[in-house]
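Here's the structure we're looking at; comments come further down.
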Amino acid sequence: QVQLVESGGGLVQAGGSLRLSCAASGRTFRSYCMGWFRQAPGKEREFVAAIRWSGGNTYYADSVKGRFTISRDNAKNTVYLRMNSLKPEDTAVYYCAAVAVLAGFPTDKRDYDYWGQGTQVTVSS
C-alpha cells in the first residue's frame, strides 16, 4: 500500500504561485501513475494533472495547461505541483492520488486507489 501526504497549500493573491508537495511512503512501483485532483465547494473532484512515476511523462487538464507543472523526484518519493498565474477559480482543496497501471493517465477519480487528505489552496481576487 501507499500513503500520501500533501503540503504547501495556502492563501495567495491572483497571479501568484504556489508549489504543492505530495510525499509518498510505502511501496511504489514503476507502473504507478501519480495524479493531482482538486475539489471546490459544491463541486465534484476534478482531474488536474498526472505523471508516470517511472518515466516522468505528464498530462494536464486543459484548465491548467501552461500554468501548472507536475514533476517528481523518485529518490525522495515526492510529487510536486507547481502552480503559476493562479486564478480565483483555482481555489479548491488539492489532493494527491496514485494508481498502479501499466500505461496511460487515468483522469477519473474513481480509477485511483490511494489518496492523501488534501491541502487547501485559496486564491484571492
Side-chain angles (χ1 to χ4, degrees):
Q1 294 186 345
V2 177
Q3 295 78 47
L4 306 173
V5 180
E6 304 95 335
S7 62
L11 175 65
V12 64
Q13 296 183 30
S17 299
L18 285 173
R19 188 180 75 164
L20 306 182
S21 298
C22 173
S25 61
R27 186 175 181 182
T28 57
F29 303 90
R30 293 182 66 253
S31 60
Y32 269 38
C33 180
M34 307 295 295
W36 285 98
F37 288 75
R38 65 187 183 186
Q39 187 166 21
K43 296 186 177 180
E44 294 292 319
R45 191 169 299 184
E46 66 174 351
F47 173 79
V48 175
I51 186 168
R52 301 295 306 182
W53 193 268
S54 60
N57 311 79
T58 60
Y59 182 74
Y60 298 91
D62 288 342
S63 60
V64 305
K65 191 173 184 179
R67 298 188 298 123
F68 291 10
T69 302
I70 188 171
S71 61
R72 89 276 187 267
D73 187 333
N74 286 4
K76 297 180 179 178
N77 287 333
T78 301
V79 177
Y80 304 96
L81 184 69
R82 179 67 180 181
M83 305 182 294
N84 296 326
S85 301
L86 282 163
K87 306 173 181 179
E89 50 263 46
D90 294 318
T91 295
V93 176
Y94 283 71
Y95 298 89
C96 181
V99 63
V101 293
L102 293 177
F105 301 94
T107 59
D108 192 326
K109 63 183 180 182
R110 293 170 293 184
D111 290 329
Y112 286 80
D113 296 318
Y114 305 101
W115 293 87
Q117 293 299 306
T119 184
Q120 176 71 49
V121 172
T122 303
V123 184
S124 62
S125 302

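Sequence positions, counted from 1, serve as the residue numbers for this chain.
- Leu4 approaches Ala24 most closely through the heavy-atom pair CD2-CB, 3.7 Å.
- Between Ser31 and Arg52 there is a side-chain heavy-atom pair separated by less than 4.5 Å.
- Applying side chain to side chain contact (heavy atoms under 4.5 Å, CB included) to Glu6 and the options Leu81, Thr119, Val93 leaves one that passes, Thr119.
- Here the straight-line distance linking atom OH of Tyr80 with atom CE of Met34 works out to 12.0 Å at 0.5 Å rounding.
- Note on Phe47 and Tyr60: separate hydrophobic clusters, where clusters join Ile, Leu, Val, Met, Phe, Trp and Tyr whose side-chain heavy atoms are under 4.5 Å apart, directly or indirectly.
- Hydrophobic clustering (ILVMFWY, side-chain heavy atoms < 4.5 Å, transitive): Val64 and Val79 are in one cluster.
- Heavy-atom minimum distance, Val99 versus Pro106: CG1-CG, 4.0 Å.
- Annotation: salt bridge (Lys or Arg N to Asp or Glu O under 4.0 Å) contacts of Lys109 (sequence neighbours excluded): Glu44.
- Listed here is the closest heavy atom pair of Phe68 and Val48: CD2-CG1, 3.7 Å.
- In the displayed structure, Tyr114 atom OH is contacted under 6.0 Å by more than 12 heavy atoms of other residues, nucleotides or ligands.
- Between Thr91 and Arg38 the shortest side-chain heavy-atom distance does not fall below 4.5 Å.
- Atom CD of residue Gln3 and atom SG of residue Cys96 lie 12.0 Å apart, to the nearest 0.5 angstrom.
- Taking each heavy atom of Arg82 and Ser17 in turn, the nearest pair found is NH2-CB, 3.6 Å.
- Between Ala23 and Thr78, the shortest heavy-atom distance links the atoms CA-OG1, 4.2 Å.
- Arg45 has its side chain out of reach of Tyr112: every pair of non-hydrogen atoms, C-beta onward, lies at least 4.5 Å apart.
- Residues forming a salt bridge (Lys or Arg N to Asp or Glu O under 4.0 Å) with Arg19 (at least two apart in sequence, or on another chain): none.
- When the side chains of ILVMFWY residues are joined at heavy-atom separations under 4.5 Å, either directly or via intervening members, Val12 and Leu20 end up in a single hydrophobic cluster.
- Linking ILVMFWY residues whenever their side-chain heavy atoms come closer than 4.5 Å, directly or via other members, leaves Tyr95 and Val123 in distinct clusters.
- Closest non-hydrogen pair, Trp36 versus Cys22, comes out as CZ2-CB, 3.7 Å.
- With hydrophobic clusters built from ILVMFWY side chains whose heavy atoms lie under 4.5 angstrom apart, Phe105 does not share a cluster with Tyr32.
- Put simply, the side chain of Met83 does not reach to within 4.5 Å of the side chain of Asp90, judged on heavy atoms.
- Once rounded to the nearest 0.5 Å, the distance linking OG of Ser125 with CD of Glu89 reads 9.0 Å.
- Trp53 has its side chain out of reach of Cys33: every pair of non-hydrogen atoms, C-beta onward, lies at least 4.5 Å apart.
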